Structures are given as C-alpha cells and as structure tokens.
Amino acid sequence: MTQLMQDTDQTQEHTRRLDALVVGAGVAGLYQLHQLRELGLEVAAYDAAADVGGTWYWNRYPGARFDSEAYIYQYLFDEGLYKDWSWSERFPGQPEIERWMHYVADRLDLRRDITFSTTITSAHWDEDRQRWTVRTDTGEVIDTQFLITCAGMLSAPLSSVFQGQEDFAGEILHTSRWPAGGVNLTGKRVGVVGTGATGIQVIQTVVDEVDSLTVFVRTPQYVLPMHNPAYDDSAVAAYKARFEELRETLPNTFTGFEYDFETSWAELSPQERHDRLQQVYENGSLKLWLASFAEIFFDEEISEEVSEFVRQKMRDRLKEPDLIDLLVPTSYGFGTHRVPLETNYLEVYHRDNVTAVGVRDNPITRIVPEGVQLADGTVHELEVIVLATGFDAGTGALTRMGIHGRDGRSLTEDWGRDIRTMMGLGVHGYPNLFTTAVPLAPSAALCNMTTCLQQQTEWITRAIDHMRQQGKSVIEPTAEGETAWVAHHDETANATLISKTDSWYVGSNVEGKPRRVLSYTGGVGEYRRRAVENADAGYPGFAMS
Ligand code: NA7
C-alpha cells in the first residue's frame with residue numbers, strides 16, 4: 001500500500017460525515033442546531049468553549065450583564081421554553097444568563113450533539129465533492145454539506161494591544177477571557193484600559209474591591225443610568241403574560257427591542273421634545289437611544305440637541321470641570337457609538353482611590369514590567385491590567401477560522417480587501433456557507449441579538465428545507481445579488497451619522513480593517529421583511545444547483 005493510500009484511508013477512517021456543521025453553541029448556534037435536528041439533518045455543533053453560552057460563556061468579567069431587558073432577550077419560538085424560566089431582575093448579570101443558556105441546552109437536549117473545547121482551525125470547500133472539509137485543533141476532520149457559522153459578532157477579542165504585554169510582572173486580562181473562578185482583586189492596584197460598554201461595567205463593579213483603580217480614557221462615552229428593579233412574582237407573571245405581544249412586536253421594530261421610535265422631532269415643540277427625552281431618560285434603559293427620535297441618526301442639528309441633553313445630565317453628575325472635560329463626549333453625536341447603560345459609573349471618579357488618566361493626547365506606548373507607560377514617559381504602576389479593549393467585531397470570528405471557498409479563495413483575504421456579504425447570510429465564492437452575526441445584517445450590531453439571530457437561523461433552516469424539497473444540494477450568493485445588497489446597505493448606512501463616527505461599528509478599532517458600517521441600518525423589521533420576501537420569491541440573489 002502506498003503512503004498516499006494509507007493517508008486517504010486514515011482520513012476517511014477519522015472523518016465525521018455531517019449534513020450540517022454549526023460553529024458555535026451560543027444564542028444562534030443552540031437554536032440552529034435544534035432546528036436542523038428537527039428537520040432531520042445529521043447536524044453537530046462545535047465550540048471552543050467548554051460549555052454552552054457563547055458570549056455569555058466568555059464574558060464573565062466583573063459586572064457583565066444585560067442591557068437588553070431580560071424578558072426580550074429571549075427565544076420566542078417556544079412558549080413553554082419562555083414561560084418556564086423566570087428572571088430575577090430587569091437586567092440580570094452574566095451568571096444568571098449563563099444558567100439560562102444551560103437551561104435552554106438541557107431542555108432541548110442539545111449537548112449530545114455539541115463538541116466542546118474544540119476550535120475550528122480550517123474549512124475548505126471541495127469543488128469536486130461539493131462539500132466542506134473542516135479541521136479542528138483536536139485533529140478531527142469533518143466532511144459536511146453545509147457550514148453554518150454562529151460564532152457571534154463580538155467573539156474575536158483584541159487582546160494583544162500593546163508592546164511589552166508579555167513583560168508585565170503582574171496579571172493582564174482581556175475582559176472576554178476572564179477566568180471562570182474569578183480573579184482576586186482585593187487590595188490590588190488595578191488599571192482598566194477602555195471605557196466602552198464593557199470597561200464601564202468593570203469599572204463600576206471592581207471599584208469597591210480594589211486598593212486603587214486607574215482608568216485610561218481615550219474616547220469618552222455618552223452613558224445612561226440603568227434602572228434595574230428586582231422582579232417579584234407579580235412582575236414575572238406580568239412580563240410572561242405579554243409573550244404573544246412580544247412575539248409579534250420584537251421582530252418588527254427598528255432594533256428588535258419592544259420599543260420603537262414613536263414621535264417625529266418636527267412634530268413637537270421644544271418643550272415637548274425635552275419632555276419626551278426626559279421621559280425616556282427616566283425609563284433607565286436604551287429607550288433614549290433606540291426609541292426617542294430616529295432623526296438623531298441622520299440630522300446633525302437634532303443629534304447635537306439630543307447629545308447636549310445627555311451631556312448636561314452627565315455634567316450634573318460629574319460636577320468637577322476636569323472630569324467633565326475628560327469624560328463628557330463632544331467630538332461625536334449621541335448614539336453613533338454603542339450607548340452603555342451604567343450604575344453610578346460617573347460617581348466612581350469622585351472616589352479618592354480612583355484616577356482617570358486621559359490617553360488621547362498622551363497615549364499608552366507600551367506595557368512595562370511595572371505597569372502602563374505613556375508617551376510622555378510616565379509609568380502608572382499596577383498589579384493587574386484589565387484590557388477592556390473590545391473585539392474585531394463582525395468579521396474576526398470568521399477571518400480567524402481559516403475559511404477557504406471556491407478556487408481556494410480565502411475569506412480572510414477577501415474581507416481584508418472589502419467586507420461583503422449577501423444580507424449577512426452568505427458570501428459569494430463560498431458555496432453552502434451560511435453566516436449569522438456577520439456584517440451587512442442588523443445582527444452585526446444594531447439589534448437585540450436574540451431577535452435577529454432567531455430570524456437569521458430560521459431563514460437558514462427554511463433555505464435548507466427548500467433545497468431538500470427541490471432536490472438541490474448547493475446554494476451560493478450570486479455576484480450580482482451580493483453587489484445589489486452591498487449597494488443597498490451602503491446607501492442606507494452612509495446616510496447615517498454612524499458612518500461618519502469612528503468606533504467598532506465601522507471597523508475603525510482594528511488597524512487596516514476596511515471601513516464599512518457593519519450593521520444593516522434599514523431596521524430589523526425592514527431587514528426581516530426583505531429576507532422573508534427573498535425566501536418567498538425562491539431566493540433571488542442566490543444560485544442553487
Ligand atoms: P469597545 O466598545 O470597542 O471599547 C473598547 C475601548 O477600549 C474603547 O474605549 C477604546 O477607546 C479602548 N481602547 C482600545 N484600544 C486602546 C488603546 N490602544 N489605548 C487606549 N484605549 C484603547 O469594546 P467593549 O468591549 O467595551 O464593547 C464591545 C461591545 O460589547 C459593546 O459595544 C456592546 O455591544 C457589548 P477608543 O474608543 O478606541 O478611543
């Protein structure tokens with residue numbers, strides 16, 4: 001027997017054959033696995049994590065919690081699944097959310113089809129066999145008809161940020177790789193780099209524990225106070241009674257939340273506008289952002305007026321001019337960044353053991369053994385450095401996976417030039433690859449994720465079902481279909497102020513990443529309508545054979 005034949009035999013022996021491989025066992029992956037199993041497919045999910053949860057497995061940093069209301073961050077396809085779980089508060093913390101994900105996996109008996117602690121290291125489309133060959137870091141080879149990525153939009157951490165990180169004498173941690181057993185910060189000198197939604201949750205939480213806290217602030221954030229009441233039995237019963245209403249409403253609003261833009265700026269007097277802003281501010285949710293005035297995303301003057309409303313709230317709390325200068329944004333409009341909800345975050349900076357260090361004009365140059373060094377040579381001595389420095393959003397999970405499509409083309413290289421997808425559901429040149437939570441769909445950012453991920457996975461299930469019924473085995477976005485979607489996406493996105501503001505929403509947080517608004521900004525309801533229309537019409541923009 002020749003060496004080649006031996007290798008082939010061994011590969012076949014160890015190759016697992018599937019109809020569909022789902023990458024990820026978080027919100028999308030669990031539901032996708034469930035649906036395809038119900039459809040009768042031979043399907044399995046793989047996850048690098050040791051258990052289910054996705055985002056809620058990895059992000060166990062201090063203070064991690066929802067800022068979608070718990071009763072809308074839900075699966076809505078099964079009334080019993082919804083009603084048999086009771087949330088303890090409006091915006092629960094990560095441990096409770098992770099327990100809920102376990103509940104979902106157990107209830108649907110999903111774990112038996114999930115391989116944990118296993119990373120996909122490559123996926124190659126085999127043109128002759130019209131199937132994917134997928135390899136893992138445990139040496140497994142999987143031969144699958146469909147490859148479905150449910151890998152999350154914020155799962156590729158930016159954790160190697162500074163020169164010298166490996167030389168630090170203390171402990172350095174990225175927020176999304178926080179150890180399961182926690183980290184003892186008691187009495188320690190702790191530094192936090194980053195004041196996005198994550199950094200803010202960390203800062204307001206660890207401040208009670210640490211000896212001293214040094215916060216490195218580059219771009220300040222507009223923040224809104226969170227109102228987070230505990231739920232008693234009657235509150236739980238009240239939201240459960242709304243199940244049908246929520247199931248009807250959520251998929252059709254602008255952002256997949258229960259609320260929507262109700263009033264137009266032009267229709268109201270200045271006093272009425274202020275009253276409306278005050279009313280939604282007091283709601284203590286993302287309502288001021290996602291249900292005040294849609295014009296804040298398009299009109300610079302209206303954006304400025306609403307921004308000023310929020311700035312004044314922040315100034316009233318910060319009081320001190322130095323802190324106001326450092327922490328109140330002025331260079332971009334409210335809502336063009338992701339808006340964090342917080343609890344006494346601004347008040348943290350009044351504490352004696354907290355130092356806010358501006359690093360816009362005097363940037364961090366490197367990590368030294370003692371701590372963080374700035375451009376002017378100052379060293380902030382620390383024992384723990386928390387990197388709340390974010391993610392390669394939307395694309396990073398896939399570009400780190402080694403996906404190669406037709407003719408060996410590399411998704412990493414393709415998206416390194418230009419980030420294109422067909423409705424965020426597939427990519428031209430990559431047959432039988434279905435995607436979720438990638439760019440050019442609302443699930444890339446501007447969405448209550450459960451709403452969008454249910455919709456996308458249901459669309460994928462329907463497409464596969466359709467193919468099987470039609471006797472088709474390969475689906476791929478056409479070049480023309482994709483180009484038309486990209487054009488529509490860009491036209492919609494480039495009309496927004498989001499497109500003009502630097503943040504992970506446009507990929508500017510990753511050096512060299514092609515700039516494009518990641519999220520579809522036409523609205524969750526509109527996206528859904530278009531996706532359903534596409535399926536009803538027999539999938540124009542996709543070629544099937
Ligand atoms: P974000 O929102 O991307 O925030 C990252 C933060 O880290 C942000 O304040 C950055 O400042 C800061 N950063 C990154 N690199 C540096 C360097 N080199 N120096 C100083 N500061 C730096 O990530 P999050 O994890 O907070 O949130 C991501 C999403 O998760 C969030 O939007 C929610 O949807 C959940 P910058 O703004 O770049 O000046």
Side-chain angles (χ1 to χ4, degrees), residues 26-27 54-56 58-68 73 91 94 97 152-165 172-178 191-204 214-224 255-257 286 289-290 326-327 329 331-332 335-342 345 356-367 372-375 380 385-394 396-397 437 442-449 452 498 501-511 513 518-519:
V27 167
T55 287
W56 302 109
W58 292 108
N59 287 278
R60 47 183 81 245
Y61 60 82
R65 68 175 59 245
F66 273 157
D67 41 24
S68 292
Y73 195 98
F91 299 108
Q94 179 272 340
I97 305 165
M153 62 167 185
L154 293 161
S155 48
L158 299 174
S159 49
S160 296
V161 188
F162 302 108
Q163 282 182 8
Q165 279 182 213
I172 188 158
L173 301 141
H174 188 275
T175 46
S176 79
R177 290 296 177 271
W178 207 263
V192 178
V193 183
T195 52
T198 302
I200 285 169
Q201 290 185 333
V202 172
I203 291 161
Q204 68 192 19
T214 305
V215 181
F216 299 91
V217 184
R218 190 163 68 178
T219 308
Q221 295 281 347
Y222 293 95
V223 297
L224 297 176
T255 49
F257 282 68
L286 294 176
W289 180 32
L290 305 175
L326 188 63
L327 295 167
S331 63
Y332 64 95
T336 58
H337 277 193
R338 163 69 147 74
V339 177
L341 295 181
E342 46 77 34
Y345 163 67
V357 178
V359 294
R360 172 156 293 280
D361 301 326
N362 184 21
I364 299 171
T365 47
R366 60 178 298 119
I367 305 296
V372 171
Q373 183 171 317
L374 307 185
H380 290 271
I385 298 173
V386 179
L387 297 177
T389 41
F391 303 86
D392 182 356
S443 60
L446 270 177
C447 190
N448 173 43
M449 289 307 286
C452 288
I498 292 172
T501 309
D502 284 352
S503 81
W504 69 262
Y505 275 5
V506 295
S508 63
N509 63 328
V510 178
E511 210 183 323
K513 187 166 175 172
L518 299 181
S519 188

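Nothing here was measured: the structure is a model prediction, and the numbers come from that model. Start at 1 with the first residue, then count along the sequence. Just follow the structure's listing: the first ligand is 1, and inside any ligand the first atom is 1.
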Output the list of atoms in ligand 1 that are nearer than 4.0 Å to some heavy atom of F391, sorted by atom number. 25 (O)
Under 3.5 Å, N or O to N or O, is V359 touching ligand 1 that way? no
Please report which non-hydrogen protein atom sits nearest to atom 12 (C) of ligand 1, along with the residue it belongs to and the distance in Å to one decimal place. G194 CA, 3.6 Å
Reported CZ-to-CD distance for the pair F66 and Q94, which is rounded to 0.5 angstrom: 10.5 Å
Students should be able to answer this: which protein heavy-atom is nearest to atom 35 (C) of ligand 1, and at what distance? L154 CD1, 3.9 Å
In the protein, which heavy atom is nearest to atom 39 (O) of ligand 1, and how far is it? T219 OG1, 2.5 Å
Quick check: does any side chain N or O of H337 sit under 3.5 Å from a backbone N or O of D502, one acting as donor and the other as acceptor? yes
Which option wins on minimum heavy-atom distance to atom 6 (C) of ligand 1: G390, S176, A445, A388? A388
For ligand 1, which atoms, with element, lie under 4.0 Å from some heavy atom of W504? 1 (P), 2 (O), 3 (O), 28 (C), 29 (C), 31 (C), 32 (O), 34 (O)
Numbering the atoms of ligand 1 from 1, which are under 4.0 Å from a heavy atom of F162? 17 (C), 18 (N), 19 (N)
Residue selection (non-hydrogen contact nearest atom 14 (C) of ligand 1) among V193, T389, V357: T389
the protein heavy atom lying closest to atom 13 (N) of ligand 1 turns out to be R218 NH2, 3.9 Å
Identify the protein heavy atom lying closest to atom 34 (O) of ligand 1, giving its residue, its atom name and the separation to 0.1 Å. R338 NE, 3.2 Å
Consider side chain to side chain contact (heavy atoms under 4.5 Å, CB included). Of I385, I364, T389, which one does F216 pass it with? I364
Between V357 and L374, does a side-chain contact (heavy atoms from CB on, under 4.5 Å) hold up when you go through it step by step? CA-CA 10 Å; V357 178; L374 307 185; 3.8 Å; yes
Nearest heavy-atom pair of P442 and S519: which atoms, and what distance? O-OG, 3.3 Å
Identify which of V217, T198, V510 has a heavy atom lying nearest to atom 26 (O) of ligand 1. T198
Considering the heavy atoms of V161, write down every atom of ligand 1 situated less than 4.0 Å from one of them. 18 (N)
So CZ of R177 and CG of N59: to nearest 0.5 Å the spacing works out to 8.0 Å
